[in-house]
Amino acid sequence: MQQILMGLFRIMPLLFGLGFLAPLLAQTLERLHWTAPFGLSPIVFGLLVGGLWGAFATIKGRWL
Amino acid sequence: MKASVLSEAEIAALDARGLIRLEKSIAEGFMGGVPWGSVAWALANTTVWFALWPLTLSGWLPLWAAFPIATVSIALSYLPSHEAQHRIIARPGEPLFWLNELIGHISTLSLVLPYDVARLTHYEHHKHANHPELDPDISTHAAGTLDFLRRSLANRQPSGAADRAYGETLQRLGTPEAGRAMLVAAVYRLSYFGILFGLAWSGHALEAALVWWLPRHLAATYIQYYLSWAPHHPAQEIGRYRDTRAFRSPLGNILTMGMQFHIIHHLYPRIPLMRTPAAYWALRPVLKARGCELGGL
């Protein structure tokens, strides 16, 4: 149980990027009537940015 | 015996036993009774924050209005729980102990801080204030305001010190109660992320961000600054009369959430928050005789 929880919290920044930042970015773009670059849909753009940012935070241990 | 009936010279002339006897006799006058103001504060504030959800999700309250309300509400969430942590509302075995525990548990839901984690780690903070290894709140200490903000941001990174310090404190305690608190903390954290993810993927990411996620971060910064950094700064000394200070803030007593008088809380944790200013002024001559840092207050 403890191992599972520790594993889950270790990858939490990645999950946060995909689970929260991605839809947050997509819905922010839509609310502001902005379009995502390269013809991407807002959610694909959100998943790319959120996923990459979350992966960075998981590996580096920091968001910035 | 009252400090006000003795001159400063007479107080300074008291021996250690006389001074502590005077100090205790004054402090005892501010303890006891149920701090109903804190109880009402907790119930009203928790209701306000929970009410923001239906109000914003239904579109009745715009997010630009909900965001500052949520931030203030979460910033106000900690102190009623703090009264409960010290069992000021009621002690175990007293008829209203259930109310104490209820306030402790519900107050900090928006802050995602389980009551037992807060209580157990806070007792360790009192025991070891400013100790570089044993004080669970030592990570908030910084050279100044800008350094505090830099550290506060650093502490919240995935490898930051703040959460780790609380976990390590509970592990060091090693009691069944501390073990349960760690498990509850994990459940709280997973529930928080689960709710954020669920709201975000069901089309309510902005509501989740502006009613909970961002207000919680801003409120935590404010709480850490005034409840932890400011009253212990420069946080280099240890000991009953040296680990906490009084200070004068341009924001005044209410906007610093009563923390100008935090020295009283560390000396007598069972004095309710709303009585600490009066207790401070009554005890001030004794604190002065003790050589406490009173910060021009």
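So you know, we letter chains A, B, ... as the sequences are listed, proteins then strands, and number each from 1. As a basis for the values below, the full set of heavy atoms in this structure was taken, side chains included, without hydrogen atoms, waters or symmetry mates.
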- Item | A:Q27 side chain to B:A205 backbone, donor-acceptor under 3.5 Å | yes
- Would you confirm whether B:W201, through its side chain, and A:P23, through its main-chain N or O, come within 3.5 Å as a donor-acceptor pair? no
Answer with side chain, backbone, both or neither: which region of [X] has an atom nearer than 4.5 Å to a non-hydrogen atom of chain B?
{"X": "A:L18", "answer": "backbone"}
{"X": "A:L8", "answer": "side chain"}
{"X": "A:R10", "answer": "neither"}

Nearest 0.5 Å, please: how far is [atom2] in [Y] from [atom1] in [X]?
{"X": "A:T28", "Y": "B:L206", "atom1": "OG1", "atom2": "CG", "answer": "4.5 Å"}
{"X": "B:L196", "Y": "A:L15", "atom1": "CG", "atom2": "CG", "answer": "12.5 Å"}
{"X": "B:L183", "Y": "A:Q2", "atom1": "CG", "atom2": "CD", "answer": "9.5 Å"}

- Query: Under 30°, 30 to 60°, or over 60°: which ring-plane class applies to B:W213 and A:F16, parallel, tilted or perpendicular?
  - Reply: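 Taking A:F16 first and then B:W213, their aromatic rings sit tilted (interplane angle of 30° to 60°).
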Compare every heavy atom of [Y] with every heavy atom of [X], then report the nearest pair and how far apart it is.
{"X": "B:P158", "Y": "A:W63", "value": "CD-CD1, 3.5 Å"}
{"X": "B:A186", "Y": "A:F9", "value": "O-CZ, 3.8 Å"}
{"X": "B:E207", "Y": "A:R31", "value": "OE2-NH2, 4.5 Å"}
{"X": "B:L190", "Y": "A:M12", "value": "CD2-CE, 3.9 Å"}
{"X": "A:G61", "Y": "B:S159", "value": "O-OG, 2.7 Å"}

- Task: Show your reasoning for whether side-chain contact (heavy atoms from CB on, under 4.5 Å) applies to B:R189 and A:L5.
- Result: CA-CA 11 Å; B:R189 189 58 65 92; A:L5 283 175; over 6 Å; no
Is the [atom1] atom of [X] crowded by more than 12 outside heavy atoms at less than 6.0 Å?
{"X": "B:R172", "atom1": "CZ", "answer": "yes"}
{"X": "A:W53", "atom1": "CH2", "answer": "no"}
{"X": "A:L32", "atom1": "CG", "answer": "yes"}

- Item | chain A contact via B:L199 - side chain, backbone, both or neither, heavy atoms under 4.5 Å | neither
